[in-house]
Asks: 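I'd like to ask you about the structure that follows.
Side chains included, hydrogens not; waters and symmetry mates left out as well; all remaining heavy atoms used. In this chain, numbering begins with 1 at the start of the sequence shown.
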Amino acid sequence: MKKVIFKGLSLALVIIMMISVFTACGGKKVVDRPTAAKIKTDIGDVTFTFTYGDLRKAGIAGDKLAMLFENTKKKTDDKTVSLSYYELVSTFGGEDYFDSILALIPAEEFAKFSENEEKVLGYFNNLINTVKSDECDDVRISYREEFWINHGGSESKEEDGSISYKNVTVFFKDTDGNLLPNQKELRAAFRLYADKALEGIGDVLSNKSQEDATDFGADLTNEMFVYGSKTASTLTVSDLYTDKENKIYPAYTSVVPTLVFDLDEKGDNAEGEDGEYIFVPTEWYRTINICVKPEEESVNKAFSTRTPDEVLKYFEAAKAYAKVNSYEIAFEPCYITAGVNAVNDEMTYCVYQKNMVVTMNVTFTGPLEKYGTMLITFPCTNQMTYDIGWKTAE
């Protein structure tokens, strides 16, 4: 048997590569049939099966639908494809027909999100705490930190002539909490201030490139969340957040294989009983998704935060435009996304997305002095990405 290997986390990408590699195949050297890899820990990974007909009726764009079923010779309505929830969100999450796709999933299938949350969280805690453990000598990390402000949206007029702020994220109020006029003009002034402030924030963000990664077995107490602790996560199920109306689920996993496309000894397509191509999974990659409650007690069990004095200091870069007198932070749901080699349960990366809504008491100065003192409310995100490397056997 011949084998052609495809390494990719996207089903669509695997299929595209399959076609290009297959057409380039020559030679007739016989090799052993690839050995199928097995997932080490079964925690009920969330994957759903859809038919071609149902997805077509749901309104999926023709090019995306064609890619999903590229390996299917006869695209009849009964043909099926398996997609993880992670793939669904990453591929169709921004599309108008996303809800129509989710509506195809039976209620009992969606139950997997809640039924497995304790098992998924325990699995995550064990893996991330192992990475940070003093007893783990085979791991090294690099990381990068990012911070951004969501300036999205602009007001619009309703039919009755009133102003709508449905998609607006930044608001300006007087010190008594009353919405100020000229919100559009104030947003332009705030963007100028924010751009300068982000320069100061950028100077203090934590980064350690892969070339400058920690040594294998190094002490990660102050290199990895939670700073100052020997433990990375003490989250419990009571710290998880769910909002089914907005498609937010507390803790779940999805898996995607690296596939080997079998060819027969003559280089022709290997076919199963239904006449479709045969794929053999030789690797499995799991994505862990966790949503943490927007409460300080819960967030602090897995995230690190800076002190109020530290945060105020970071805005000094923009003091020519405004002075921050005080501020308050309210957490939004926070997310953790981790990648795992599911064959050996080694975590390969972990992304922490800390979402916040900040309300600042600001006195504008210099070129913005005419705006005086006001309250500014805006959403922002502080993201930390850890890349995790494992020592390979020599």
Asks: Report, as yes or no, whether the 6.0 Å neighbourhood of atom CD on E369 holds more than 12 heavy atoms from other residues, nucleotides or ligands.
Replies: no
Asks: Decide yes or no on salt bridge (charged side-chain N to carboxylate O under 4.0 Å, His left out) for D215 and R140, but give the supporting numbers first.
Replies: CA-CA 6 Å; D215 294 329; R140 61 186 300 180; 5.4 Å; no
Asks: Can you tell me how far the CD atom of Q353 sits from the SG atom of C291, to the nearest 0.5 Å?
Replies: 10.0 Å
Asks: Among side-chain atoms of S326 and N361, is any donor-acceptor pair under 3.5 angstrom?
Replies: no
Asks: What do you reckon, is CG of N246 surrounded by more than 12 foreign heavy atoms closer than 6.0 Å?
Replies: yes
Asks: Looking at every non-hydrogen atom in both residues, tell me the closest pair between Y97 and G59 and how far apart they are.
Replies: CD2-O, 3.1 Å
Asks: If you measure from CE on M347 to CH2 on W390, what distance do you get to the nearest 0.5 Å?
Replies: 8.5 Å
Asks: Do Y241 and E295 pair up side chain to side chain, a donor and an acceptor below 3.5 Å, judged on atom types alone?
Replies: no
Asks: With a 4.5 Å limit on heavy-atom distance, are the side chains of L240 and K293 in contact?
Replies: no
Asks: Are there more than 12 heavy atoms of other residues, nucleotides or ligands under 6.0 Å from atom CD of E297?
Replies: no
Asks: Any sub-3.5 Å donor-acceptor pair from D138's side-chain atoms to G217's backbone N or O?
Replies: no
Asks: Any side-chain heavy-atom pair from L312 and Y327 closer than 4.5 angstrom?
Replies: yes
Asks: Between M360 and W148, is there a shared hydrophobic cluster once you connect ILVMFWY residues whose side-chain heavy atoms come closer than 4.5 Å?
Replies: no
Asks: Atom NZ of residue position K247 - does it have more than 12 heavy atoms of other residues, nucleotides or ligands inside 6.0 Å?
Replies: yes
Asks: Would R56 and F50 count as a cation-pi pair here, with the cationic atom under 6.0 angstrom from the ring centre and within 45° of the axis?
Replies: no
Asks: Carefully, step by step, assess T381 and N150 under the rule side-chain contact (heavy atoms from CB on, under 4.5 Å).
Replies: CA-CA 8 Å; T381 297; N150 181 4; over 6 Å; no
Asks: Measure the NZ-CD distance between K196 and E199 for me, rounded to the nearest 0.5 Å.
Replies: 4.0 Å
Asks: Any side-chain donor paired with an acceptor under 3.5 Å for Y123 and D345?
Replies: yes
Asks: Roughly how far apart are F48 CZ and T80 OG1, rounded to 0.5 Å?
Replies: 15.0 Å
Asks: Please determine whether the number of non-hydrogen atoms from other residues, nucleotides or ligands lying under 6.0 Å from atom NZ of K208 exceeds 12.
Replies: yes
Asks: With a 6.0 Å cut-off (strictly less than), is the heavy-atom count around CD of E109, excluding the residue itself, greater than 12?
Replies: yes
Asks: Verify the ring-centre separation between F92 and F98: is it less than 6.0 angstrom?
Replies: no
Asks: Just checking, any donor-acceptor pair under 3.5 angstrom between side chains of T221 and D219?
Replies: yes
Asks: Indicate whether any N or O donor in one side chain lies under 3.5 Å from an N or O acceptor in the other, for N382 and E145.
Replies: yes
Asks: In this structure, which one of T305, V292, N355 forms a side-chain contact (heavy atoms from CB on, under 4.5 Å) with F331?
Replies: T305
Asks: Inspect the surroundings of CG in D63 and state if more than 12 heavy atoms from other residues, nucleotides or ligands are less than 6.0 Å away.
Replies: yes
Asks: Please report the C-alpha distance between K301 and S233 in whole Å, then the side-chain angles of each, then the deciding distance to 0.1 Å, and finally whether the side-chain contact (heavy atoms from CB on, under 4.5 Å) criterion is met.
Replies: CA-CA 6 Å; K301 291 182 179 181; S233 172; 5.9 Å; no
Asks: For a quick check under 3.5 Å, do T51 and D54 share a side-chain donor-acceptor pair by atom type?
Replies: yes
Asks: Does atom CD of E115 have more than 12 heavy-atom neighbours, drawn from other residues, nucleotides or ligands, at distances under 6.0 Å?
Replies: yes
Asks: When you compare the side chain of M374 with that of F364, does any pair of heavy atoms fall below 4.5 Å?
Replies: yes
Asks: Just by modelled atom types, is the G339 backbone N or O under 3.5 Å from a matching donor or acceptor in the T287 side chain?
Replies: no
Asks: Donor-acceptor check, side chain of T253 to backbone of I288, threshold 3.5 angstrom: yes or no?
Replies: no
Asks: Is there a donor-acceptor contact under 3.5 Å from the side chain of S84 to the main chain of V256?
Replies: no
Asks: Taking the six-membered ring for Trp and the full ring for Phe, Tyr or His, determine whether the centres of F378 and F190 are under 6.0 Å apart.
Replies: yes
Asks: Mind checking whether I149 and Y193 sit in one hydrophobic cluster, side chains of I, L, V, M, F, W, Y counted as touching below 4.5 Å?
Replies: yes
Asks: Classify the side-chain pair S254/D45 by whether it contains a donor and acceptor separated by less than 3.5 Å.
Replies: no
Asks: Side chains of S82 and T49: donor-acceptor distance under 3.5 Å anywhere?
Replies: yes
Asks: Which is it for T76 and D78 under the side chain to side chain donor-acceptor pair (under 3.5 Å) test, yes or no, and what are the steps along the way?
Replies: CA-CA 6 Å; T76 54; D78 62 331; 2.4 Å; yes
Asks: Is a salt bridge present between K370 and E185, judged by a nitrogen-to-oxygen distance below 4.0 Å?
Replies: yes
Asks: Report whether V255 and F124 are members of the same hydrophobic cluster (ILVMFWY, side-chain heavy atoms less than 4.5 Å apart, transitive linking).
Replies: no
Asks: Might you work through the side-chain contact (heavy atoms from CB on, under 4.5 Å) test for I60 and I101, ending with a clear yes or no?
Replies: CA-CA 8 Å; I60 290 183; I101 296 175; 3.8 Å; yes
Asks: Does T91 reach the main-chain N or O of L88 with its side chain, forming a donor-acceptor pair under 3.5 Å?
Replies: no
Asks: Do the rings of Y249 and F110 sit parallel, tilted or perpendicular, given the 30° and 60° boundaries?
Replies: parallel
Asks: Quick one: does any side-chain atom of N129 pair with a main-chain N or O of N126 as donor and acceptor, under 3.5 Å?
Replies: no
Asks: What is the minimum heavy-atom distance between I329 and V358, and which atoms define it?
Replies: CG1-CG2, 4.1 Å
Asks: Take T282 and T258 through the side chain to side chain donor-acceptor pair (under 3.5 Å) test and state the conclusion after the steps.
Replies: CA-CA 6 Å; T282 57; T258 291; 5.5 Å; no
Asks: Under a plain distance cut-off of 3.5 Å, with no hydrogens placed, do Y85 and E87 share a side-chain donor-acceptor pair?
Replies: no
Asks: Looking at the rings of Y352 and F225, which for Trp means the six-membered one, are their centres under 6.0 Å apart?
Replies: yes
Asks: Could you tell me whether a side-chain N or O of D174 sits under 3.5 Å from a main-chain N or O of L180, the two making a donor and an acceptor?
Replies: no
Asks: So, does T214 use its side chain to make a donor-acceptor pair with the main chain of I141 at under 3.5 Å?
Replies: yes
Asks: When you check the side-chain N and O atoms of Y143 and E223, is any donor under 3.5 Å from an acceptor?
Replies: yes
Asks: Could you tell me whether a side-chain N or O of Q183 sits under 3.5 Å from a main-chain N or O of F172, the two making a donor and an acceptor?
Replies: yes
Asks: When you measure from the centre of the six-membered ring of F69, is the NZ or CZ of K75 under 6.0 Å away and within 45° of the axis?
Replies: no
Asks: Less than 4.5 Å apart, any side-chain heavy atom of T373 and any of V362?
Replies: no
Asks: Counting only N and O atoms by type, is there a donor-acceptor contact under 3.5 Å from the side chain of K132 to the main-chain atoms of S229?
Replies: yes
Asks: Would you sort out whether Y52 and L65 count as a side-chain contact (heavy atoms from CB on, under 4.5 Å), showing the intermediate values?
Replies: CA-CA 8 Å; Y52 181 90; L65 185 60; 3.8 Å; yes
Asks: Looking at D137 and K391, is any side-chain nitrogen of the basic one under 4.0 Å from a carboxylate oxygen of the acidic one?
Replies: no
